Structures are given as C-alpha cells and as structure tokens.
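Written below as structure tokens is the structure these notes are about.
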Amino acid sequence: MYREFKQLNLPEIDKTILEFWEREQVFEKSVDQRDAANSYVFYEGPPSANGKPGIHHVMARTIKDLFCRFHAMKGQRVERKGGWDTHGLPIELSVEKELGITKEDIGKSITVDEYNQKCKETVMRYKDMWDDITRKMGYWVDLENPYITYTNEYIESVWWLLSQLYQKGLLYKGFTIQPYSPAAGTGLSSHELNMPGAYKEITDVSAIAQFKIKGTENEYFLAWTTTPWTLPSNTAVALGKNITYVKVKAFNRYTKALTYVILAKDRLGAYFTEAKADLTPEEVKPGNKPIPYIEIVAEMKGSELEGTEYEQLLPYVTPNKPAFRALLGDFVSTEDGTGIVHIAPTFGADDFKVAQKYDIPPLMVEDEYGNPMPLVDKKGQFVKEVSDFAGRYVKDYGQEEERSVDSDIVIKLKTENKLFHSERYLHSYPHCWRTDRPVLYYPLDSWFVRASSMKDRMFELNQTINWQPKSTGEGRFGKWLENLQDWNLSRSRYWGVPLPIWRTEDGEQELCISSMEQLQQEIDKANAALGLQQTLPKDLHRPYIDGVVLVSDDGQEMKRELDLIDVWFDSGSMPYAQWHYPFENKDKFEQKFPADFIAEGVDQTRGWFYTLHAIATMVFDSVAFKNVVSNGLVQDKHGRKMSKRLGNAVEPFETLATYGADATRWYMMSNSDPWENLKFDIEGIGEVQRKFFGTLYNTYSFFALYANIDGFKYEQTDVPLGDRQEIDRWIISQLNSLIEEVDAAYAEYDVTTATRKVMNFVNDHLSNWYVRLCRRRFWKGEYTADKIAAYQTLYQCLNTVSKLMAPVAPFFADWLYGNLNTATQKESNISVHLADFPKADSSAIDKKLEQRMNYAQRISSLVLSIRKAEKIRVRQPLQRALLPILDASFQEQVEEVKDLILAEVNIKDLEYITDTSGIVTKKIKPNFRTLGRRLGKQMKNAVQIINGLGQEDINQIEQSNQYTLSINGDTYDLTLEDFEIITEDIPGWQVANDGALTVALDVNISEDLEAEGMARDLVNRIQNIRKDKDFEVTDKIEVLVEQHSGVESAIEQFGSYIKDETLAVELTSSAELTEGEVVELPGDIKLHIKVQKANL
RNA sequence: UCCGAUGUAGCUCAAGUGGUUAGAGUACUCGCCUGAUACGCGAGUGGUUAGUGGUUCGAGUCCACUCAUCGGGACCA
C-alpha cells in the first residue's frame, strides 16, 4: 500500500525523515557507497560558533549542500568535513565585553592564560545551536570529526605553511601606517574604525604652510593641513600631475612680506580676491580670508614642478636621505586646500606610499634602544627632539593646557613667515571606540606576506577557476588581485595563532619554526646553551609559547615576535591544516587538493576566497578550488540589510519550524540566482509551499488513492512506450527532456534554472495537464493495460521528480521516494540520496510530440479565451472551431491531439482551413533576423514595402515560396523564410491569436447545443446536491425536476445522459414540485430539484 | 569620494550571439466547486524596460553620462 495522508505537513516530514536518516545513517552510506577514486572534493568554510546562526547561513549552506548531494547522486564520493573558526578579534571583543575589561587589563587584572581560556570557552558557545540548525536544515556535513582552528595540530600546519613562505622569502617585517589609539595604546582594525560613532565631527586648527623653494628669495609652495602637529615630520609635498598651478605675487598677511606663492589655479578664488597691481602691504589684513594679490606671474602643470626642492619647514630632525621635494600623487585633488598636499610619511598611509615610491625617507629618531621611531611616541606625545613641543600631546588625550599644540605650532609658523593662513576647521575624524579619544595614523611594526610579488601568478591561476557568477571572479576578485597589496599578518592580540618567529634582540638573527619537532630540537639546543629547563608547551597559544626562549647560532637569546597572525590565514590554511598536513594524512591531502567546489557569500571575496587562493598559489603553485559559488546577501523584503537594530532579521529556527526546511531552501534557490541579493520575503516561502510542494503532494495523493484501490504495485513489466497513449508518451518525453536540462543546470552550478524547470514540469505539465486530462483513466473502468500504463507513467514521473529535486529539497524528495518505493520495492535504495541521478533516455524524447501537445495547450487556451470574451460558459458545447493551417505538418500534428482539444474546450469538431484565400485576412511582416543581415540599411524601405503587401501578394508568396524585392534599383530574391505571415482575422468569426497560432470559434448555439449545455448544467446541479447530502459515490438516486420550459428539451434529448452521469435510476419532471433544492440555471432559470436515494 | 553590482508590471523574477505584440508567478478584476488539489482552475487588467544622449536599418540588450539601491575600498591633506 502507498501511504496516504490527511494533508501536507512539511515540518512533520522533516522530523520523520531526519529520524530516518539518523537511524539508518543515510549520510554516511551516501558517502561510503561511492568509490574514493571518483571523488568530488568540497571544502567547508568554517563558521564561528561565537555568534548565532542566521537565515543567511541557511542560504549559504543550502548551496553547499545541494551541489554535494547532486554530485553524490552522480556517483562521486563527497566527503564533507566540517570545521570551526575559533580565533579572532570578534571573539576577543565579546570576551572583553562580557568580563567588562579592556585590552589593557589583559596581563594585569587577568592573566593571558585566563583570558585565552575564556576565549576558548566562548568560541563554542553556540555550537549546539549550530549543530541544531545544521540538522534541521538538512545540511549534510561531518560534524563528528570537524577541524578546529585552535588545536595544536591545526596550528602546527599553519606554522608549516608560514615557514614555507618564510623560506621562499615571502615573509618580512616592515612598518605600515595604521589606525592607532594612543589612549588605548593599541592599533585598531578597520572594522573597529567602521563601528558606528567612530567618526565624530570635531574642530581642528588648520594651517596653510609656506614651503620655501630652494634657491629662491621668497617663493613658496602652499600646502594645507588639518593636522599641524604632523608638520615637523614633513618630508615632501605632493602635487597633481595634470592640475594647473599658478604663481601669485602677494603680501603675507601676517608679516607683510612680499611673497610668490604657488597653488592650484582652481583654488585661487578660495584665498584671493582680486588682482591689484598697486597693492600695499597695509591693505592685507590677517582677519580677511580671501585677500587681494598683486599679480599672477606664472602658470604651470603639476608635472613641471615634479622634483622641485624646498627648504625643510621645521628643522628639528635631519633626515638620513635627500628629502623635501615636490612629488606627484594621484590622490591630490583641488576640492579643498591648495591643490598641494603636505606629506608626512610617518603619519599617513598615502603619504607613506608616495614617499616610498619616490624614495623619500620618513622623519625618524632613535628610541632608547636605538630603534627608529617617529616624532610622536606611542602615548601621542612629541619626542624630546621636537624641542619646543617635547612631551606635548598632539591631540586631545585629556591633558589640560592653555592652547593645543596645533595652535602653538601655527603661532610659531606665523612668526617665522612660514604661515600663509590658518583657521578653525570642522571635519569628521576617527575616534577610538573604547576610549572615545582621537585616533592617529601611526607607523606600526608588522609582519607581511609579500603577496604582491606573486600577484601575476595568482591572476593567472584565477583565470582557471570557474566563478559563479563570472563577474565576481573577473571583476571583483580579478581587480583585487591586480592591485594586490602585501598582506599584513600581524595582530597584536592574544587569542590566535602565534607567529612562529624568534629573533635576537637586535633583530639581526631570526628563526622561523615549522613544526613541533623542530621547536623541540631548538628548545633542547637553547636549554643546553643557556642552561634552561624549558619543555615543549602543551598549548601552542600565548602565553606558553611566549615563554620559550631559543638560542641563535652565536649563542644569543632569541625571543618570539609577540604578534599573532591574521585569523584569515587560519581559514585559508584549512585545505592543509584540516588534515594536519604535512605531519599526517599526506595521501588524504593529495586526494583532496584542490577542491572541486566551495561556496560562501560574496563578502568572502577578499576574505576566505582570497586567503585560500593566496596560500595555495604561494606555497603550492596551485589553485585551491576549481569551482566557486559566491552567494549574495540576504536582505529583508524591502531590500534592506537585515540587522538586530532594525529588528528585521529573520529567525531561521522559526522559519524552518513553520515552513519546513525544503520550502525554505527551495524558495531561496528558485526565487533568484543565489549570487543576486535575495529580498527575503516569508510569503514567498508560503507560495513555494502551496504551489510547488502542495501540487506535488496532491499529485502523489491522487496516485496513491487510486493505485491502492486498484492494487497497482508496479509488478507488471513496463508497457512499451509505443503501446501507451499519446499523452503518456508526451509526459515521458517531457520528463526525459527535463532530466537533461536539470542535470545540465546542476552541473553548471545553476540551481535556479534547475528548480524552476522542475517546478514548471510538476505544476504545468504533470499536474495541470497530464493528471487532469487523465483522471478518468485512473478511476473509471477495469484494471486494464491502459490503466496500468497510466499508473506506470505517473509513477515514473513522480519517482524521477523525487530524484531531480532531491539536492534542493532533500526531505520531501526522500519522503516521496520512500512512499513510492516501500510500496513497490522497485528500487533497492532505502533513500533517494543513495540513488543515482536519473539518466535521460533520449529515445523517449519526441520533440514533435512535445510540440503538438504544446499546440493543444495553446489552442485550448485560445478557445477558452474566446469563450470568456463571448461570455459562453465551458459547459455549453459549441459546434466547431476553425484552424488556419500554418504549414504542411501542422494539420497532421494537431490531428493527433484533436480529441484532447475537443474534450478540453467542449466543442464538437475542429476544422482546418487549407485554402485560406478570400476567407482569412493575413498580416505579413518581414523576418528581421534573416533580412536584417542581408539588407542592412535598406531594411527601412523593405519594411515599408513588405508591410504594404496586400492579401493577393501574401497568397502569391505562400504559394510560390518566392518574392522579388526591389529597392532603389537593387533586387533581392526572398523566400517564405524571410517573412512572418499570421492570420489576423476571419471575417464573421470570433478570433484569437497566440504568436503564429490562430483560432476561430463558431459561437452559434443551436437548439440542440443549448439543450446539451443545459443537460450538463443539470448534471452539475444534481451532483452538487448529491454531494451536499453526503451520498456515497456509488449511491443510486431518483431525481425529480420541476417543470420548466427552459429545461424541457434538455431532459427530453439528454435524459439518459443525465441519468448516466448522476447514477439516477429515474429522472422525471413534475409541474407541482415545491420540495427539494432550489437551483439556478443559465437563462435566469430557478427551479426545484429533488434528489433522493433510490429504493432498490 | 573611488570601484563593482543591480535597476524590466504594485511585488518577486524571465527575456540564445542586438531582430519588431517585453513574458511568468504573485497581487488585483471577472468567471468557475463532479470523484487529486479553492492551499485549486481558467480568462483578463497592468510596462515611456530608472532617466538623458549616442552607436545601429533595428537597443531591455552595446556605449557615455545622470539618478537610485546594495556591497566593497578610501575618509587622507
């Protein structure tokens, strides 16, 4: 028996199937039954269990899951090792928040050990929740043996990778300008800077300084700055290559000295009013912002000024290399300032970069250990070399002072004739989110991966990767690789993979550790040389690893560089570290590298996708993955980002519990391509549930109901296709076409097409055409070969659909498959996920058959459309429809499906018009596709000529299949192919068109037809009454109809038909009937009908 | 501000290499309850394809600019 159900309950199915999977270990079997030699390698991008799973995780994991399931069904072995990302700043921050501490407390009020212990506990906080969502959404991944990034084994593999980079000379120490909070004494990540409220509007003193050009008496560059405290560190000025500059003769407003100042022509108006040849110094007052000038003495492009040397503005410290020159920078604009930018390489990222390019040194002094440091120390105070301002804070760090150091610097410049102008300036400036104090851009020591040196190779290898969508790979990722910067690995944090580099105090000698074994050897060596008792730490994290002192070849102590590495390196290491490669599982790794498939959100483009690619390229000269699907964001239904703050985040557990995993998954995959941002609308899931799963469920229920009655268990051999009805062969043909299309779509990682095709097949073809038209075959008559053929056909469709949908809707598919196969035992698999993906039988595909059924559907639709327009109900039979034939095969084709059409639209006959001349009005159009290429510019004239052709000409063309077109003396021989001819109208008939198809309907209703229509309505009313009275389907009845002129002939002519349809043993009319039900019939007829069970 | 993506019916999405009635579903209107399904079926209304300009015989499709939304980077003088 096939199981029958009261109604569709997807969440219930989820539960049942989930239990079944676990009980039968279906996932394990689906992997184990496939040969390792035919592997499909998938890498799981590790989530962090530190946060709760969201609906976007369901999205991303649906994609991962479905392609793995698909390939498993295609016969490949698809192992899916899970993983957890356990390190990183977000975890540290959440721990600090919880403990109510800041970074500064670590090592003081809490030991590093305790702190890291706390991180380790926190990191798996929501693991249960993640495991739960993984189960409930049907994501098959091995959670028993996941890789965990904080384990010693994982770290050891990461170390090995780092040492590989180190040996290739790809790891170096340098400094970069990074956001740094002197108040907190820590560098800030860009994500901390992007926290809401980080940028505040503050007022600073801005200054336009005069940089005196070397070898001149009184010529100056004017450069603007909002941070006068960086002026002592100035070593260059930057100009725009294509910006036009002017040299202006003017008086200094403070000193009244005659000067020639250079600034961008576009900025002239911001600082100067008008030219006055006889200007006197007294006319220029300090308070006036724009001031008059004497004249413009020269004009030049920025490029002409490149290399111009000037005198140091504030000579506290002398640089060790030539400096103080004009450079060209593409970041220079004329939107504000002077079009000349002051460059302090120690305090600006752009400054640093452009200075490096021109080999201009930063201004540095030596600290107490002799190491170089900038003119401002890590507390934000000027160093002693900046004599007048030594010890002063450069920004507001809570100190009390009369004037800010910026103001004092401005005053100093003013008195030395080095200031052009100064004013207060309101701008937004980043602040430390913990201390609320201003951030400085500050040079910090960091370890870098020389990724830029490998960018060409990365770019090349990227071209072999199949990106879905393509644009992300070529555009976003490709562009990123083209402009690749070195990878800053350093994080001055506690909970992460420690950098395995030990250095002597002078930094002259260093050692990069590549394994525990090597570390042990080095420890032994150090113990011997230094007389220590060190042992290998049990935990490779800080603080234990920090305590390890090693020894250099010449006997010096070596200490570990205190940095941790960027967590992104952790996750990019997973192809190797998940197997503890190269220390274990060498063969395993070799089998599983690179991945066939990975998938994550687009936000991972510069994250995981990049780190995987970079490490694989640099260490193995290989791609890390061959196919990648990057999915878009999940937004709310209005296209806004989901966030806790807006309260529009969708709760995944709730969604799964309400709609079931399959409807949710199916909705997300079918609604739009996964790489588009998904406007997540919960009603869309409801729609999928109703329209797709509901329909498929009903189709199954229908099948089960009658198959159980007839005892169909698919015991008979298949009825040969040739012996089955046309409509059976049609749906089988459609089904096989569907298999081909869906298989291809999945293979190309195009799940949206796959799901839409399946949906379309189930709704339009299977349910609404095949089953609807075949209903009678299932319930009427004996258990004949034809009936068996119908069952076999429908069974095959359902069974195949279950396999086609299985990757996306694994629960329902397995439920459906199970219901079918437990009854028939036709396939030996206990689960659809152990089955092979269906193979299309191309011999069963009959495109001509598909075409003629398509005609049948469209012709039916046209007839119904005319009925509707003419307000003639379908129950009213009509005599005939006319069909102008399109081409030779058309009539033949339609003839095959004629009976279907007649029954479907309730007409008696279908007639073809072959000789259409004089009967129909035709319309002719040029075929733009064929003619456009040939005619080119003549097309316009041709259109005019062709559209002007009359009925005669059209007939002529149709018969002779040739036409000579002449335009302006040129002639072209055209054939029927070059035209589109459609029947527009049949005078005197009601006509409808659909593309080239035209249908005319005879809407005359003869008395006979009217009576037959009435008879059908009577049947309908009587059946309704039967149903209202809850009669059994098999009950015989007696019918008494009130006498009425409108139904007389119906009862007379079609009495036996009515009796037959309603199982009436008697049908009589009576003039005086006042009992029974009042029914309304066409023609405003109201009368009584009395129905009662027959006494037999 | 720079880079990228997107913009088609009220909403969610389609429209081979440019080819002439821009299609589905949903919503809405109207009509249909007889043995699978009203969680259904049928028919209809609904578009200046964001805007402007260009290339072309022909543009939703190609190009330029503008606007809007989203994402990423920069926020520095």
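Just so it is clear, the structure is predicted and the values come from calculations on it, not from any experiment. Reminder, nothing fancy here: chain letters follow the sequence lines and each chain counts from 1.
- B/rA9 and B/rU66 are spaced 24 Å apart, taking the P atom of each and rounding to whole Å.
- To the nearest 0.5 Å, atom CD1 of residue A/Ile243 and atom CG of residue A/Leu263 are 11.0 Å apart.
- Side-chain atoms of A/Lys757 do not come within 3.5 Å of backbone N or O of A/Ala745 as any donor-acceptor pair.
- When the P atom is used for both B/rA64 and B/rU6, the distance is 14 Å, rounded to whole Å.
- Remark: A/Asn677 is not in phosphate contact with B/rC70, judged by side-chain N or O atoms under 4.0 Å from OP1 or OP2.
- Here the rule is ring-ring contact (aromatic ring centres under 6.0 Å, His included) with A/Tyr667, and of A/Tyr659, A/Phe692, A/Phe680 only A/Phe680 fits it.
- Taking A/Arg1026 as the reference, nothing meets the salt bridge (Lys or Arg N to Asp or Glu O under 4.0 Å) condition, with sequence neighbours excluded.
- A/Asn760 comes within 4.0 angstrom of no nucleic acid atom, judged by non-hydrogen atoms across all strands.
- Rounded to the nearest Å, the gap between the C1' atom of B/rG31 and that of B/rC70 is 43 Å.
- Between A/Asn671 and B/rU12 there is no side-chain polar atom (N or O) within less than 4.0 angstrom of OP1 or OP2.
- For A/Asn1020, a side-chain nitrogen or oxygen approaches OP1 or OP2 of B/rC33 to under 4.0 Å.
- The nearest whole Å value for the distance from the NZ atom in A/Lys871 to the P atom in B/rG44 is 13 Å.
- For B/rU12, the OP1/OP2 oxygens have a side-chain nitrogen or oxygen of A/Lys679 closer than 4.0 Å.
- For the OP1/OP2 pair of B/rG42 and a distance below 4.0 Å, the side-chain nitrogens and oxygens of A/Ser865 include no atom meeting the criterion.
- Phosphate proximity of B/rA36 to A/Tyr706: present, with a side-chain N or O under 4.0 Å from OP1 or OP2.
- Separating the P atom of B/rC39 from that of B/rU26 is a span of 14 Å, rounded to the nearest Å.
- Heavy atoms of A/Arg776 sit nowhere under 4.0 angstrom from any nucleic acid atom.
- In this structure, the ring of A/Phe609 has its center no less than 6.0 angstrom from the ring center of A/Trp480.
- Nucleotide B/rA24: paired with B/rU12 (Watson-Crick or G-U wobble, both distances less than 3.5 Å).
- Nearest-nucleotide assignment on RNA chain B puts the 5′-proximal partner with A/Glu980, out of A/Glu980 and A/Ser767.
- Contact annotation: A/Tyr697 side-chain N/O to B/rA36 OP1/OP2 distance is not under 4.0 Å.
- The distance between the ring centers of A/Phe812 and A/Trp666 does not fall below 6.0 angstrom.
- Within the 4.0 angstrom heavy-atom criterion, only backbone atoms of the sugar-phosphate kind lie near A/Asn1024; the bases stay farther away.
- Both A/Val771 and A/Glu676 lie close to RNA chain B; mapped to their nearest nucleotides by heavy-atom distance, the more 5′-ward contact belongs to A/Glu676.
- Base-pair partner of B/rC57: B/rG19 (Watson-Crick or G-U wobble, both distances under 3.5 Å).
- Shown here, B/rC41 forms a base pair with B/rG31; the pair counts as Watson-Crick or G-U wobble because both key distances fall under 3.5 Å.
- Nucleic acid contact for A/Ser672: sugar-phosphate only, since backbone atoms but no base atoms lie under 4.0 Å from a heavy atom of the residue.
- Among the heavy atoms of the strands, none lies under 4.0 Å from A/Ser206.
- Taking atom CD of residue A/Glu683 and atom P of nucleotide B/rA27, one finds them 9 Å apart after rounding to whole Å.
- Taking only side-chain nitrogens and oxygens, A/Arg867 never comes nearer than 4.0 Å to OP1 or OP2 of B/rC30.
- Only the P atoms considered, B/rU20 is 15 Å distant from B/rG58, to the nearest whole Å.
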